[in-house]
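Quick note on labels: first sequence line is chain A, next is B, and so on, each numbered from 1.
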Amino acid sequence: MLNTRITDVKDINLDHVFQCGQCFRWDKVDDDIYIGVVKGVFAKITLKGDLLDIDATGNLNWNEYLDLDRDYGEIKAELFKSEESMKEALEYGYGIRILNQDLWEVLVSFIISQNNNIPRIRGCVEKLSEKFGDEIYEYDGKKYYSFPDAAAIAKLDIADLDDIKLGYRARYIIDAAKQYQMESCDCDLEQATNWLISFNGIGPKVANCILLFGMGFHSAFPIDVWVKRIMKEMFNLVGDKSINEFAKMKFGEYGGFAQQYLFYYFREKKI
DNA sequence: TTCCAGGTGGCAT
DNA sequence: ATGCCACATGGA
């Protein structure tokens with residue numbers, strides 16, 4: 001195991017990072033200790049005060065993955081300045097960081113997320129990895145697997161996914177794997193959006209999640225059932241178009257951060 | 001039993 | 001361009 005120690009970390013709370021709904025493969029094993037698999041690497045992350053200790057089976061740029069080089073204090077200050085009613089959400093999710101995740105894993109995970117709930121999404125992603133990923137490590141009697149790459153999924157028959165219980169999304173995932181193998185997108189926000197929408201099973205909401213969590217477009221503002229409730233409740237806004245315009249005007253480049261603080265706060269409080 | 005979950009595609013206006 | 005509705009699955 002490789003150990004990485006990162007000192008003087010700020011604005012981070014592991015529960016907020018891993019339970020705010022952006023990722024599906026991290027498990028809490030104790031207070032401020034999580035284990036998970038990232039980009040083929042098994043890792044155990046421990047936070048002690050402002051010290052981050054990471055034991056991992058391989059090399060990974062943890063500063064990048066955990067977005068540690070970004071000043072979240074500044075982001076929260078800016079969001080509060082532009083919208084003071086964000087105060088409670090910003091304080092509640094004070095330790096959120098938007099992870100820089102693997103694009104392919106995010107793409108598949110959020111195809112699965114449509115019309116689905118988080119525990120079941122997690123289960124599907126886990127089963128996909130167990131069945132089609134590579135065994136990486138055994139921890140506390142449990143085996144951990146990498147997320148299968150597009151090539152591994154592309155060669156499957158639809159029936160191979162029966163055990164995963166993806167429902168009608170199984171077809172989308174196999175099609176996505178085939179398309180993803182042939183296409184890539186090193187491009188701007190508009191081109192990336194169009195590229196994502198062109199996948200069967202990816203619409204505007206899922207596309208925005210992928211833009212935000214897998215492609216580093218932090219202005220992306222995913223609008224799901226929760227955000228719709230929040231926008232109605234806080235700003236009496238209805239309809240994707242008006243919500244989009246509001247987010248763009250109000251939060252601008254920080255739209256994705258704002259969305260995540262709001263989503264996490266309201267979903268946890270079940271307002 | 002019915003409703004809901006980080007929605008989307010297809011089809012009808 | 002906009003408005004319905006079916007779609008798999010499992011928990012409440």
Side-chain angles (χ1 to χ4, degrees), chain A residues 15-26 89 92-93 96 98-99 101 103 105-128 130-131 156-180 193-215 217-234 237-245 247 251 255-271:
Chain A
D15 293 332
H16 298 171
V17 171
F18 296 130
Q19 293 180 19
C20 72
Q22 63 178 322
C23 56
F24 304 100
R25 296 205 70 194
W26 287 96
Y92 184 82
I96 287 176
I98 304 290
L99 299 169
Q101 302 182 63
L103 172 55
E105 181 177 328
V106 169
L107 192 148
V108 175
S109 299
F110 280 90
I111 286 177
I112 295 170
S113 80
Q114 64 173 89
N115 203 31
N116 214 338
N117 58 62
I118 290 180
R120 234 176 68 77
I121 300 163
R122 291 178 63 95
C124 289
V125 174
E126 166 118 3
K127 279 183 274 187
L128 264 181
E130 279 174 8
K131 190 151 184 192
L156 299 178
D157 187 84
I158 188 90
D160 296 326
L161 292 174
D162 284 352
D163 298 346
I164 315 295
K165 301 297 179 187
L166 293 161
Y168 63 92
R169 309 166 193 87
R171 179 78 269 157
Y172 296 157
I173 289 168
I174 291 180
D175 289 348
K178 289 174 180 165
Q179 183 174 349
Y180 190 86
T193 304
N194 291 333
W195 176 61
L196 292 169
I197 296 284
S198 78
F199 283 78
N200 206 12
I202 299 182
K205 188 277 172 180
V206 168
N208 274 299
C209 286
I210 300 167
L211 290 166
L212 177 59
F213 303 131
M215 301 181 84
F217 289 106
H218 294 106
S219 63
F221 193 87
I223 300 171
D224 69 339
V225 289
W226 290 98
V227 171
K228 286 175 185 169
R229 281 177 204 146
I230 294 162
M231 288 294 144
K232 172 86 172 91
E233 159 114 7
M234 287 182 74
L237 278 171
V238 179
D240 286 24
K241 190 179 279 183
S242 52
I243 292 172
N244 256 322
E245 284 172 14
F251 307 122
F257 302 105
Q259 192 271 5
Q260 210 52 26
Y261 288 116
L262 290 170
F263 173 84
Y264 181 58
Y265 175 66
F266 277 80
R267 195 172 65 81
E268 293 294 306
K269 300 200 67 162
K270 302 202 192 305
I271 294 171

Distance between the C1' atoms of dG9(B) and dG10(C), in whole angstroms?
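These two C1' atoms come out 23 Å apart once rounded.
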Nearest-angstrom distance, P atom, dA8(C) to dC11(B)
15 Å
Regarding [X], tell me which of base, sugar-phosphate or nothing describes its non-hydrogen contacts under 4.0 Å with the strands shown.
| X | value |
| --- | --- |
| I121(A) | nothing |
| C20(A) | base |
| F24(A) | nothing |
| P204(A) | sugar-phosphate |
| K228(A) | nothing |
| G201(A) | sugar-phosphate |

Could you tell me how far apart [X] ([atom1]) and [N] ([atom2]) are, to the nearest whole angstrom?
| X | N | atom1 | atom2 | result |
| --- | --- | --- | --- | --- |
| Y172(A) | dG7(B) | OH | C1' | 9 Å |
| W226(A) | dA5(B) | CH2 | P | 7 Å |
| E126(A) | dT9(C) | CD | C1' | 17 Å |
| K205(A) | dA5(B) | NZ | P | 12 Å |
| R120(A) | dA12(C) | CZ | P | 13 Å |
| L166(A) | dC7(C) | CG | P | 18 Å |
| R171(A) | dG9(B) | CZ | C1' | 15 Å |
| N116(A) | dA12(C) | CG | P | 14 Å |

Within the 3.5 Å criterion, strictly below it, is a donor on Q101(A) or S109(A) matched to an acceptor on the partner's side chain?
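Distance-only check fails for Q101(A) and S109(A).
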V206(A) side chain: which of dG7(B), dT2(C), dG9(B) is closest?
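Nearest nucleotide to the side chain: dG7(B).
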So if I take every side-chain heavy atom of Y168(A) and compare against dG7(B), dG10(C), dG9(B), which nucleotide ends up nearest?
dG7(B)
On the nucleotide dA5(B), are OP1 or OP2 found under 4.0 Å from the side-chain N or O atoms that R229(A) carries?
yes
Is it the case that the ring center of F221(A) lies less than 6.0 angstrom away from the ring center of F263(A)?
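Aromatic pair excluded; centres sit 6.0 Å or further apart.
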Distance in Å, I173(A) CD1 paired with N200(A) CG, rounded so as to fall on 0.5 Å steps
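Between I173(A) CD1 and N200(A) CG, I get 11.5 Å after rounding to 0.5 Å.
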Point-to-point distance, once rounded to the nearest 0.5 Å, from CG of L161(A) to CG of D157(A):
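Answer rounded to 0.5 Å: 8.5 Å.
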Which residue lies toward the 5' end of DNA chain B, P222(A) or I202(A), if each is placed at its nearest nucleotide?
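Here P222(A) is the residue nearer the 5' end.
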A side-chain contact here means heavy atoms from C-beta on lying under 4.5 Å apart; do R229(A) and F266(A) qualify?
no
